[in-house]
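What follows is a single structure, written as structure tokens, with notes after it.
As the structure lists them, so they are numbered: ligands from 1, and atoms in each ligand from 1. Throughout, numbering of the chain's residues begins at 1 and tracks the sequence.
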Amino acid sequence: MSDITRFGVSLNSELLKKFDTLNEAKGYKTRSEAIRDLIREELVTQEWADKEHETVGVFSLVYDHHQSELSRILNHIQHENLDIIVSSTHIHVDHRNCLEVIILRGSSEKIRQITNKLSSTRGVKHGKLIMTSTGSKLP
Ligand code: NI
């Protein structure tokens, strides 16, 4: 394990109570674990703020495949971005609807451009990007 530093945190007791209640509901055993995750979340957000930084994202997309030309357009956007799209999985949810999960790796700016383009394509019902990290800069 890497070097561990202990530090004290001064907090309003009401805020601490809410924090503990939240952590218990989430299943954290200690405040340290919860604080570590909050810090990592903030660091991932910072990575995404840097447009050039290479990062990874998971994008889910729900659409109606009966919508004319939609499947072809979505497929075309993905084929144009082979350097960024690492993997995709397609599930036929029901008679009309498809769910696609796409994993992207590249600059945060490029990932946002592609996922915005996919989301805004006519006929797409829901697009959601989870911005995560390669982990290379996270201790
Ligand atoms: Ni399908």
Side-chain angles (χ1 to χ4, degrees):
M1 182 169 261
S2 57
D3 189 30
I4 300 286
T5 302
R6 292 181 192 281
F7 66 100
V9 178
S10 304
L11 214 57
N12 171 293
S13 56
E14 197 58 34
L15 190 60
L16 182 60
K17 213 160 131 186
K18 284 183 185 289
F19 187 59
D20 287 341
T21 303
L22 184 69
N23 292 339
E24 198 183 322
K26 286 184 169 182
Y28 285 110
K29 300 274 185 277
T30 65
R31 287 176 184 155
S32 290
E33 287 173 28
I35 290 169
R36 257 194 304 272
D37 278 3
L38 287 173
I39 292 170
R40 287 197 179 114
E41 179 64 29
E42 192 57 34
L43 291 172
V44 169
T45 303
Q46 286 306 309
E47 284 184 7
W48 276 79
D50 175 2
K51 290 178 179 177
E52 300 301 316
H53 184 78
E54 182 178 283
T55 191
V56 286
V58 180
F59 184 65
S60 71
L61 188 66
V62 175
Y63 65 93
D64 180 351
H65 81 272
H66 287 170
Q67 180 91 23
S68 113
E69 290 290 291
L70 180 57
S71 299
R72 195 190 62 75
I73 294 166
L74 294 176
N75 212 12
H76 180 69
I77 294 169
Q78 292 187 57
H79 277 268
E80 275 185 328
N81 294 285
L82 288 174
D83 53 331
I84 303 286
I85 293 174
V86 178
S87 170
S88 72
T89 299
H90 183 110
I91 297 161
H92 313 299
V93 180
D94 56 30
H95 184 67
R96 290 195 80 94
N97 297 298
C98 299
L99 166 70
E100 216 151 302
V101 179
I102 303 167
I103 299 173
L104 307 98
R105 181 181 193 146
S107 73
S108 60
E109 185 177 33
K110 189 74 184 162
I111 290 175
R112 277 205 181 92
Q113 277 173 4
I114 296 166
T115 55
N116 284 340
K117 200 169 175 184
L118 289 165
S119 288
S120 62
T121 303
R122 191 164 170 253
V124 171
K125 294 181 173 180
H126 184 241
K128 176 85 176 168
L129 174 64
I130 296 170
M131 296 177 286
T132 185
S133 170
T134 60
S136 61
K137 287 195 170 178
L138 296 183

Review point. Counting only protein atoms, how many N/O/S atoms are less than 2.8 Å away from the Ni ion (ligand 1)?
Key: 3

Point to revise | side chain to side chain donor-acceptor pair (under 3.5 Å) contacts touching residues 103-128 (sequence neighbours left out) | key: E54-R105, N97-K125

Point to revise | Within residues 3-54 or reaching into it, pairs that qualify as ring-ring contact (aromatic ring centres under 6.0 Å, His included) - sequence neighbours excluded | key: none

Practice item. Verify whether one side chain among T30 and S32 offers a donor that lies under 3.5 Å from an acceptor in the other. Key: no

Review point. What are the two closest non-hydrogen atoms of S133 and G135, and how far apart are they?
Key: OG-N, 2.8 Å

Point to revise | Nearest atoms (heavy-atom pairs only) where I77 meets L118 | key: CG2-CD2, 3.8 Å

Revision key, fill the gap. Residue set satisfying ring pair (Phe, Tyr, Trp, His ring centres under 6.0 Å) with H66, at least two apart, ordered chain then number -> H95

